[in-house]
J.: 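Sharing a structure, written as structure tokens. Questions coming.
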Amino acid sequence: MAFSGFSDTSTPQPKKDLPRISGSEAVIRSFLEEGVETIFGYPGGAIIPVYDALYSYRDKVNHILVRHEQCAIHAAQGYARATGKTGVCIVTSGPGATNTVTGLADAMLDSTPVVLISGQVASNTLGTDAFQEINFIEITNSVTKWNCQVKRAEDIPEAIARAFYIASSGRPGPVVVDITKDAQNGLLDFEYKPKKFIRSYQPYADIDNDQISEAVRLINLARKPMALIGQGVILAGAERELQDFLEKSGIPAASTLLGLSALPSDHPLYVGMLGMHGNYAPNIKNRDCDLLIAIGMRFDDRVTGDPSKFGINAKIIHMEIDPAEINKIIYADVPVLGDVKQSLPMITERISKNDHTEWINEFRVCNNIEREDIIEPAIERRGAHLRMGEVVDAVSKEFDDAILVTDVGQQQMFASKYFRFKRTRSIITSGGLGTMGFGLPAAIGAKIGAPEREVCLFVGDGGLQMTSQELGTIFQSNVGVKIILMNNGFLGMVRQWQELFYNKRYSFTELVNPDFELLAKANRIAYRCVERHEDLDDAVREMHSTPGAFLLECRVQREENVFPMVPAGAPVHDIRLE
Amino acid sequence: MDREFIITIFSENKVGILSQVTTVFTHRNVNIESIAASPSAIEGIHKYTIMVKNDPERVANLVKQIEKKVDVLKVFCYTPNEVVLQQLALYKVKRSRNVEDMVRRHNVRILEIHDEYIVLEKTGHKEEIDELYQMLAPHGIYQFVCSGQVAIIKSRRELLDEYLKYVNAKYQRMMLQENK
Ligand SMILES: Cc1ncc(C[n+]2csc(CCOP(=O)(O)OP(=O)(O)O)c2C)c(N)n1
Ligand SMILES: [Mg+2]
């Protein structure tokens with residue numbers, strides 16, 4: 001049996017007057033059926049037929065030629081997270097395919113819907129170590145939500161329909177469809193049926209009324225509850241339902257890194273970001289809570305610290321779409337399995353109206369301590385050197401309501417904590433995998449997905465150099481991203497750990513950097529450097545008023561640390577202010 | 001504390017499922033003690049029987065991770081007393097009076113007899129197979145091979161039927177809604 005994977009597919013109807021087209025054209029036409037507008041990709045031998053078909057459709061689909069396949073996935077991730085649609089990539093076999101693995105892993109851990117079409121050698125040469133043949137299915141088993149290999153042209157539409165359905169439903173994730181060259185060249189009678197059902201895959205659990213009742217009971221009883229907002233709220237499009245729930249219950253809410261912007265930063269019930277480098281209040285108060293309501297989040301260890309001490313005095317309600325996350329890290333007293341867009345209103349309807357003013361004041365007291373000890377000194381324009389906090393603050397003020405994209409490291413933590421969010425889908429950052437080099441390509445994808453919005457990327461001098469070849473993509477495709485380079489001459493986050501936990505032994509964390517002005521100029525990108533407090537506002541304004549892409553190099557203090565901080569493995573209430 | 005579990009996995013008959021399933025074990029750091037694959041009583045559906053010895057909580061999480069695989073229909077996890085377990089072993093041993101006596105006493109099937117050796121088959125529990133091995137060892141075992149354990153649950157019907165019924169009802173509801 002050739003591609004017999006779809007045994008649950010109903011028998012095909014008798015063929016009407018279907019167009020007879022090539023497998024490659026079927027790939028593109030399937031994309032159009034799924035409403036795809038943009039593809040990120042990179043051509044090569046085993047995918048040339050698809051690129052040839054794309055040439056005929058280039059007025060209907062926008063293809064962005066990246067400079068490295070890893071960045072095709074990251075750009076698709078940025079696109080998906082800015083728009084809520086599925087990101088789409090095409091790459092060739094062998095090295096083209098293996099280059100995507102980091103991107104797939106990132107999308108897997110951060111639940112981002114991405115469909116990747118990879119070329120594969122002709123089916124009669126499979127298994128012969130043919131030129132640019134690798135077993136991509138095997139390689140991607142643990143970094144995809146689903147993958148399949150297609151060896152016959154007639155199986156292409158069904159495989160792509162499955163891919164889009166699986167990538168975007170339930171807990172989203174990356175999907176690979178590996179298509180042999182002969183399948184791309186073969187002919188088929190094209191018919192497209194979007195997928196809505198696969199018997200072995202039930203992405204939405206029926207919500208259990210008993211669990212809802214139990215959750216309602218605990219919420220009504222709680223005296224010191226806290227809600228923990230995860231990206232699940234954004235993925236479910238349940239921002240409205242979240243606000244309704246919080247406003248009726250009066251419960252203070254903290255956010256994970258990926259949940260940021262689901263609730264506006266200035267919402268009266270918002271108390272800050274969770275996690276190792278999160279805000280002081282939601283970490284220190286964790287121990288006092290008597291109820292934690294986790295909404296679409298998975299208790300990453302960067303959020304829980306020592307899990308055995310997390311919410312030690314609290315009952316846990318875990319609202320989650322993925323059954324495998326329930327009881328994985330933190331035992332749930334009440335698991336509420338299902339889509340939070342459905343389950344939240346069921347709870348909101350039945351809880352009593354409440355407010356927790358005194359309890360929220362306890363958070364405010366902590367917020368004030370952090371503001372005085374950490375935030376204000378970090379953003380005030382003082383000291384010999386420019387600092388990351390003040391840069392983020394200045395950009396956030398000037399670019400009201402931009403999409404924040406970050407790379408990984410100190411700049412990521414400063415940006416996510418000091419940036420103010422007004423609406424949802426305004427943060428794009430690599431959370432689960434912590435992939436340096438993610439920022440620049442993700443910003444490209446975000447800007448292409450949401451051209452009407454400003455996209456501000458904060459990136460370190462280390463991270464920029466991991467994917468700086470994409471500056472070329474920015475020029476070729478005219479992508480207007482604003483790049484704020486936080487140049488501290490160090491792999492700063494690692495240096496901070498070396499300073500705090502390894503006796504300041506700065507083992508290979510110092511960077512001797514290239515001339516970033518020349519790098520920008522080489523890619524014909526507008527550039528300015530800022531080193532002094534007094535030039536900051538003007539530089540940020542210049543970046544804002546310059547049309548198109550801009551690289552703002554900020555020469556910041558070399559040895560600044562991110563605080564507060566929960567030491568690795570410690571309980572979150574051991575959060576340190578210095 | 002580590003305990004023995006029998007995990008049965010029902011999947012679509014798709015190329016590469018076994019490797020998807022074993023990836024979950026390596027990823028979640030659980031060792032496979034034995035594994036057997038076969039068709040199930042339902043057409044087009046494959047069945048894997050995997051034995052593990054591990055911490056109950058970890059196994060419960062592992063089961064959910066396997067079930068999360070898109071082409072896996074359903075995963076069940078049993079303790080040994082919930083199932084009938086069997087395993088098959090072949091022994092190639094040197095011929096001798098002693099061995100032939102032992103064979104008669106132990107209810108072992110003889111598959112082949114040569115001048116120099118004799119091939120024995122034993123079906124039973126893992127302990128019985130080990131026990132026979134210990135007894136034969138002093139007489140010279142040339143070759144030994146043992147299958148993965150297979151299990152059948154003590155309840156009459158395959159539990160998967162219920163899942164398929166549930167899924168089918170869900171599908172019918174969806175189609176009805178769409179046709180409205
Ligand atoms: C691909 C990759 N390699 C290594 C790391 C480990 N790492 C985490 S943060 C960091 C330093 C980042 O330096 P830089 O980009 O300059 O940002 P900064 O922390 O200085 O703001 C490193 C090396 C990583 N997260 N990703
Ligand atoms: Mg740096």
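Just the heavy atoms: all of them, side chains too, but no hydrogens, waters or symmetry mates, feed the values below. Every chain is numbered from 1 and lettered A, B, ... according to where its sequence line falls, protein lines coming before strand lines.
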J.: Please flag which part of Tyr331(A) lies under 4.5 Å from any non-hydrogen atom of chain B: side chain, backbone, both or neither.
T.: neither

J.: Tyr78(B) vs Phe76(B) aromatic rings, parallel, tilted or perpendicular, using cut-offs 30° and 60°?
T.: parallel

J.: Answer yes when Lys92(B) and Glu112(B) have at least one side-chain N-carboxylate O distance shorter than 4.0 Å, and no when they do not.
T.: no

J.: Which pair of non-hydrogen atoms, one from Pro56(B) and one from Arg3(B), has the smallest distance, and what is that distance?
T.: CG-NH1, 4.1 Å

J.: What part of Thr23(B) lies closer than 4.5 angstrom to a heavy atom of chain A: side chain, backbone, both or neither?
T.: side chain

J.: With heavy-atom distances below 4.5 Å as the criterion, would you say the side chains of Gln202(A) and Tyr163(B) are in contact?
T.: yes

J.: Can you name the closest pair of heavy atoms from Ser40(B) and Phe10(B) and give their distance?
T.: CB-CE2, 4.0 Å

J.: So does Ala46(A) get a backbone contact from the side chain of Ser93(A), meaning a donor-acceptor N/O pair under 3.5 Å?
T.: no

J.: Under a 4.5 Å heavy-atom cut-off, does chain B meet the side chain of Ile166(A), its backbone, both or neither?
T.: side chain

J.: Do the side chains of Glu116(B) and Lys94(B) get close enough for a salt bridge, i.e. N-O under 4.0 angstrom?
T.: no

J.: Would you please go through residues 100-117 of chain A and name the residues with a non-hydrogen atom below 4.5 Å from one of chain B, in numerical order?
T.: none

J.: Which atoms of Asp322(A) are under 4.5 Å from chain B, going by heavy atoms: the side chain, the backbone, both sets, or neither?
T.: side chain

J.: Would you mind telling me which of Val72(B), Val24(B), Val63(B) has the largest number of heavy-atom pairs within less than 4.5 Å of chain A?
T.: Val72(B)

J.: Can you tell which part of Ile45(B) gets under 4.5 Å to a heavy atom of chain A, answering side chain, backbone, both or neither?
T.: side chain

J.: Once you measure the plane-to-plane angle for Tyr48(B) and His46(B), does it fall in the parallel (<30°), tilted (30-60°) or perpendicular (>60°) bin?
T.: tilted

J.: Using side-chain contact (heavy atoms from CB on, under 4.5 Å) as the criterion, list what pairs up with Asn54(B), not counting sequence neighbours.
T.: Asp2(B), Val30(B), Arg58(B), Val59(B)

J.: Need one label for Glu178(B): side chain, backbone, both or neither, based on atoms under 4.5 Å from any heavy atom in chain A.
T.: side chain

